[in-house]
Number of protein chains: 2
Amino acid sequence: MAHPKISSEDLIGRVADVFRTQGYQAASLSRISQATGLEKASLYHRFPGGKEDMVAAVVSNLNQWFQDQVFTPLERSGKPAERVRFVAQRLREFYADGSKSCALDTLSLPGGSAALHEAVRGSLAALLQAFTGIAREGGASGAEARERAEQAIIEIQGSLVLARVLGDCKPFHRTVDRLPELLVGSRSI
Amino acid sequence: MAHPKISSEDLIGRVADVFRTQGYQAASLSRISQATGLEKASLYHRFPGGKEDMVAAVVSNLNQWFQDQVFTPLERSGKPAERVRFVAQRLREFYADGSKSCALDTLSLPGGSAALHEAVRGSLAALLQAFTGIAREGGASGAEARERAEQAIIEIQGSLVLARVLGDCKPFHRTVDRLPELLVGSRSI
DNA sequence: GTCTATAGCTTGATAGAC
DNA sequence: GTCTATCAAGCTATAGAC
C-alpha cells in the first residue's frame with residue numbers, strides 16, 4: 001500500500017456509510033466512488049472481490065466495533081448498571097443520536113449473498129448474547145434475561161426505524177436512556 | 001380495462017409484495033414483471049407513471065388497509081382493550097405472524113422520490129395518531145398516550161426487524177400479544 | 001390489455017497506462 | 001495505488017403490432 005489517496009480506516013468508514021444508508025443493492029459503485037473519492041477501478045484494487053468484498057469488510061469492521069465498544073465493556077468489572085450505561089452512551093454516539101440507520105437492519109434486506117445475510121445474522125446474534133449475559137448478571141433468570149435482551153434490541157431497532165421514517169430522534173433517546181433499567185433493572189417487563 | 005390478465009386487486013398485491021420485500025430501489029421492473037406475470041410494457045399500461053406510480057398505488061392501498069383494519073375498528077364502540085385486541089389480530093395477519101417486513105420500513109430507505117417519503121411518513125404518522133387516540137381513551141394523559149403509541153410502533157417495527165434478521169418470529173408474537181396492555185393497560189411503561 | 005422490440009442510461013467488473 | 005477507457009448485462013421507459 002504505497003501512498004494511498006485515502007487511509008484504510010477512512011475508506012472503510014465511508015464505504016460503510018453508503019451500505020448502512022442505502023442497503024446492499026442500492027449501494028452502487030458509483031455512489032461508493034463518490035463517497036470515497038476513489039474511481040471504481042481503485043475500489044477494485046482495495047477490494048478485489050468487488051461489492052461483496054466491500055460489504056464483508058464493512059460487517060467485519062462493525063463486528064470489531066461491537067467487540068471493543070459493547071462486548072468487552074459489558075464483561076468488565078463493576079456494577080452491571082454502570083456497564084450498561086457506558087454501552088448505552090457508545091450506542092448513542094454510534095447511531096449519531098438516532099439519526100443513522102443500523103447496518104444490521106438495512107443489510108438484512110434481500111440483495112446480498114447468503115454469506116452476507118449469515119454474517120449479519122451472526123452479528124445481531126452476538127449482540128443478543130451479550131445483552132442476555134449482562135441481564136443475567138443483573139439478576140434475571142435465563143429465560144427472562146433472554147427476553148430482556150430481545151426487548152432491548154427490539155426497542156433500539158424500532159426506535160431507529162421510527163427516527164428514519166418520521167425524522168424524530170426523541171424515541172431513540174428515550175430507548176437509550178432506559179436501556180440500563182430494561183436490561184438490569186428490577187421492574188418487570 | 002377489457003379482459004385484464006390479472007385483476008387490479010391481485011396486481012397491486014403482488015406489486016406491493018415486491019416493494020415491501022425489496023424496498024423501492026431494489027424493486028426492479030424485471031422482478032415486478034416476474035411477480036405479476038405481466039411484461040414491462042403491460043405494467044406501464046396499468047401504471048402510466050412507471051415505478052413511482054406503482055409505489056404510490058402501493059402506499060395508497062396500504063393506507064386504505066390501515067383505514068379499514070386499524071383506524072375504523074379503533075374508533076368503534078366497546079371496551080378499548082377489546083378494540084386493541086381486534087387490531088392486534090389484524091396486524092398479526094398483515095405481517096404474516098412476523099415473517100413479512102413492513103413496507104413503511106423498507107420504503108423509508110433512500111431511493112424513492114420526496115413525495116414517496118412524505119407519503120410513507122404520513123402513513124406512519126396516521127398510525128401513531130390512531131394509537132395515541134386509543135391510549136388516551138384507555139385513560140392515559142396526553143403525553144403518556146403519545147409515548148405509549150410511539151412505544152407500540154417501536155416494538156412492532158423492532159420485532160419485525162429482529163424477525164427478518166434472525167428468522168425468529170416469537171418476539172413479534174410477544175409484541176402483538178402485549179399490544180393491549182401497552183396501549184390501554186394500567187401498568188407503567 | 002398484452003405483447004415484442006428497442007432506445008438510452010447505469011450497473012458491476014476488467015484491461016492496461018502511469 | 002490511481003487512473004481512463006471499455007465491456008456485457010441490467011435498468012427504466014417508450015413505440016408500435018395484435
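We use all heavy atoms of the structure for the numbers below, so side chains are in, but hydrogens, waters and symmetry mates are not. Numbers restart at 1 for each chain; the letters A, B, ... are given by sequence-line order, proteins then strands.
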Using a cut-off of strictly less than 4.0 Å, decide whether B/Ser30 has a side-chain nitrogen or oxygen near OP1 or OP2 of D/dG10. no
Please determine whether a side-chain nitrogen or oxygen atom of B/Tyr44 lies at a distance below 4.0 Å from atom OP1 or OP2 of D/dT14. no
How many Å lie between [atom1] on [X] and [atom2] on [N], as a whole number?
X: A/Leu43; N: C/dT14; atom1: CG; atom2: P; answer: 13 Å
X: A/Arg31; N: C/dT11; atom1: CZ; atom2: P; answer: 7 Å
X: B/His45; N: D/dG16; atom1: NE2; atom2: P; answer: 17 Å
X: A/Leu29; N: C/dT14; atom1: CG; atom2: C1'; answer: 12 Å

With [X] via salt bridge (charged side-chain N to carboxylate O under 4.0 Å, His left out) - residues at least two apart:
X: B/Asp10; answer: none
X: A/Asp68; answer: none
X: B/Arg174; answer: A/Glu147, A/Glu150

Using residues 69-82 of chain A as the side-chain source, report each donor-acceptor pair under 3.5 Å to any protein atom, sequence neighbours left out, with the distance given to one decimal.
from, atom 1, to, atom 2, distance (Å)
A/Thr72, OG1, A/Gln67, O, 3.0
A/Thr72, OG1, A/Gln67, NE2, 3.2

Contacts satisfying side-chain hydrogen bond (donor to acceptor under 3.5 Å, both in side chains) that involve residues 131-143 of chain A (not counting sequence neighbours) are A/Arg83-A/Glu137
Who pairs with A/Ser42 by side-chain contact (heavy atoms from CB on, under 4.5 Å), at least two apart in sequence or on another chain? A/Leu38, A/Glu39
Going by side-chain contact (heavy atoms from CB on, under 4.5 Å), name the residues that satisfy it together with A/His45, two or more places apart in sequence or in a different chain. none
Full working for side-chain hydrogen bond (donor to acceptor under 3.5 Å, both in side chains) between A/Arg14 and A/Thr36: CA-CA 6 Å; A/Arg14 288 172 188 268; A/Thr36 59; over 6 Å; no
Just to be sure I understand the geometry, which residues of residues 14-28 of chain A put a non-hydrogen atom under 4.0 Å away from DNA chain C? A/Ala27, A/Ser28
The correct set of residues in residues 49-60 of chain B placing a heavy atom under 4.0 Å from DNA chain C is none
At under 4.0 Å between heavy atoms, what does B/Ile6 touch on the DNA or RNA strands: base, sugar-phosphate, or nothing? sugar-phosphate
With rounding to the nearest 0.5 angstrom, report the CD to CZ distance, B/Glu181 to B/Arg148. 9.0 Å
Considering residues at least two apart in sequence or located in another chain, which fulfil the ring-ring contact (aromatic ring centres under 6.0 Å, His included) criterion with A/Phe19? A/Tyr24
All N/O pairs under 3.5 Å across the protein-nucleotides 4-9 of chain C interface:
none

Counting only pairs under 3.5 Å, give me each side-chain donor-acceptor contact of residues 56-63 of chain A, with atom names and distances, residues two or more places apart or in other chains.
from, atom 1, to, atom 2, distance (Å)
A/Asn63, OD1, A/Ser123, OG, 2.5

